[in-house]
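In what follows, every heavy atom counts, from backbone to side chain, and hydrogens, waters and symmetry copies are set aside. Counting starts at 1 for both ligands and their atoms, in listed order.
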Amino acid sequence: MRTRVTDMFGIELPIFAFSHCRDVVAAVSRAGGMGVLGALYFTPEELETELSWIDAHVDGKPYGVDVVMPASYEGADFPPEELVGRLQAMIPDGHRSFVEKLLASHGVPALSGDADAGKVLLGWTDATARPQVEVALRHPIALLANALGPPPADVVEQAHAGGVQVAALASTPRHALKQVEVGVDVVVAQGTEAGGHTGEISTMVLIPQVVDAVDVPVLAAGGIGNGRQMAAGMALGAEGVWTGSLWLTVEEADTPEMAKRRILAATSRDTVRSRSWTGKPARLLKNEWTDAWESEGSPGTLPMPLQFMLVSDALRRIGRSDAAELATFPAGQVIGLTNQVRSTKDVVFGLVEEYADAVERLSRLTDG
Ligand SMILES: Cc1cc2nc3c(=O)[nH]c(=O)nc-3n(C[C@H](O)[C@H](O)[C@H](O)COP(=O)(O)O)c2cc1C
């Protein structure tokens with residue numbers, strides 16, 4: 001398969017896989033696509049370890065790194081050394097007690113002696129993402145991607161100076177235009193059905209609008225779980241696909257067991273767009289956690305990054321408890337299609353085979 005993105009990155013398949021799991025990233029790149037590691041949860045030191053591992057396991061194939069530098073968030077103008085303290089002070093007591101009561105009502109215990117307690121804010125701000133960018137650019141990455149808005153122009157310049165292409169996620173044609181203005185090379189047009197932070201427009205409606213708005217190649221994201229959906233994305237004008245939820249249940253994925261089980265059993269109705277994780281709308285597994293934030297007693301969510309600071313310890317406590325009904329996780333509507341565990345390589349090859357079948361079927365329609 002050949003498009004502008006396969007030429008740009010020297011890859012065989014225009015299949016991009018976002019994952020927080022290094023094994024998945026390396027396996028997708030080795031299979032001919034492009035694995036992209038989500039840096040969000042890693043400290044710069046941890047990211048260094050992950051990327052060194054990928055370098056050693058990717059057989060020289062290209063891979064990427066994704067950071068989250070939101071265009072807007074509370075405290076964006078605070079000096080970095082005061083950021084955490086000033087933001088912590090902005091979280092109302094009523095919100096803290098709502099979270100504690102919710103956990104208590106589900107029997108979630110406190111964490112004792114947890115080294116990670118208080119490890120908040122990672123990657124959700126410009127100040128915390130920049131050190132990740134520095135680490136990433138010291139590795140032979142082919143792509144730097146940014147979520148939640150156009151990356152800062154100086155970061156784009158820095159990446160380009162190192163021969164690294166830049167991608168950014170867009171959920172409207174206006175976002176896409178802003179990204180191209182700062183020099184982004186590839187736009188990932190992501191529809192509302194996607195897992196994680198997401199806009200309101202569906203993939204089917206969004207892709208042609210973004211393709212028509214920009215000259216750079218567009219990747220279709222949101223709801224791509226099989227080769228027929230890939231063919232649809234390409235038919236809409238995309239030059240490749242960018243996938244996320246699909247990789248949560250592959251053999252290599254380090255997704256928490258509780259979330260993996262729910263995702264395998266889920267239908268496409270089991271996700272919801274909610275601010276209860278980070279303060280910005282993100283598609284998550286729908287459960288008693290997401291319901292509680294919409295309930296009558298809810299104090300409402302806080303803006304980014306305060307909401308994640310408020311809930312990150314709580315989410316860790318839930319993860320280590322038996323309260324599966326509260327365990328939330330980013331996941332897209334396409335989880336309704338993922339109901340068996342397969343190897344990453346099988347999933348990549350399955351996408352390609354089914355894509356080829358779909359294209360052939362369509363061409364037979366016109367031949368006839
Ligand atoms: C668990 C999970 C976490 C995500 N975290 C990020 C992130 O940190 N940065 C980012 O750019 N996109 C993130 N996304 C969105 C993906 O990059 C991708 O656009 C999306 O998953 C595509 O839609 P799909 O889930 O329907 O495949 C995440 C998606 C999932 C499922």
Side-chain angles (χ1 to χ4, degrees), residues 15-21 24-25 28 33-42 47 64-71 122-125 128-129 132 136 143-151 166-171 175 179 184 186-199 201-204 206-207 210 218-226 229-230 232-233 238 240-250 253-256 259-260 262-263 266 268 270-271 273 277-278 280-285 304-305 308 315 327-338 347 351:
I15 297 174
F16 291 68
F18 172 93
S19 175
H20 292 113
C21 175
V24 175
V25 170
V28 171
M34 168 91 93
V36 182
L37 185 77
L40 182 67
Y41 296 123
F42 301 117
L47 185 61
V65 169
D66 174 284
V67 293
V68 185
M69 296 181 129
L122 292 177
W124 294 111
T125 65
T128 45
Q132 296 172 334
L143 174 72
L144 181 72
N146 187 51
L148 297 181
V166 181
L169 276 68
S171 51
H175 287 162
Q179 290 165 350
V184 159
V186 177
V187 171
V188 180
Q190 190 203 249
T192 188
E193 49 274 69
H197 289 112
T198 187
I201 308 173
S202 71
T203 302
M204 182 81 147
L206 177 68
I207 307 297
V210 174
V218 173
L219 302 177
I224 313 281
N226 63 35
Q229 288 158 328
M230 179 173 168
V241 292
W242 174 282
T243 51
S245 298
L246 188 53
W247 313 103
L248 295 173
T249 47
V250 291
D254 59 1
T255 309
K260 226 180 210 179
R262 271 214 67 203
I263 292 168
S268 293
D270 294 327
T271 71
R273 203 165 158 266
W277 180 39
T278 69
K280 289 197 194 272
R283 187 167 298 285
L284 309 173
L285 283 174
M304 178 174 269
F308 186 68
L315 295 178
T328 191
F329 202 80
Q333 292 179 344
V334 78
I335 59 172
L337 297 176
T338 52
V347 174
L351 278 170

*Partners passing ring pair (Phe, Tyr, Trp, His ring centres under 6.0 Å) against F329 (at least two apart in sequence or in another chain)*: none
*Using 30° and 60° as the class limits, which term best fits the ring planes of W277 and F308: parallel, tilted or perpendicular?*
perpendicular
*Does the side chain of V334 come within less than 4.5 Å of L246's, by heavy atoms?*
no
*Can you check whether I335 reaches T249 side chain to side chain, under 4.5 Å on heavy atoms?*
no
Short N or O contacts of ligand 1 with protein, under 3.5 Å, listed by atom name?
residue  : atom   : partner : partner atom : Å
ligand 1 : 9 (N)  : D66     : OD1          : 2.8
ligand 1 : 11 (O) : D66     : OD1          : 3.2
ligand 1 : 11 (O) : D66     : OD2          : 2.6
ligand 1 : 17 (O) : W242    : NE1          : 2.9
ligand 1 : 19 (O) : Q190    : OE1          : 2.6
ligand 1 : 19 (O) : W242    : NE1          : 3.1
ligand 1 : 23 (O) : G222    : N            : 3.4
ligand 1 : 25 (O) : G195    : N            : 3.0
ligand 1 : 25 (O) : S245    : N            : 3.1
ligand 1 : 25 (O) : S245    : OG           : 2.5
ligand 1 : 26 (O) : G223    : N            : 2.7
ligand 1 : 27 (O) : G244    : N            : 2.9
ligand 1 : 27 (O) : S245    : N            : 3.3

*Under 4.5 Å between any side-chain heavy atoms of M304 and L148, yes or no?*
yes
*Between V36, D66, V65, which is the residue that forms a side-chain contact (heavy atoms from CB on, under 4.5 Å) with L143?*
V36
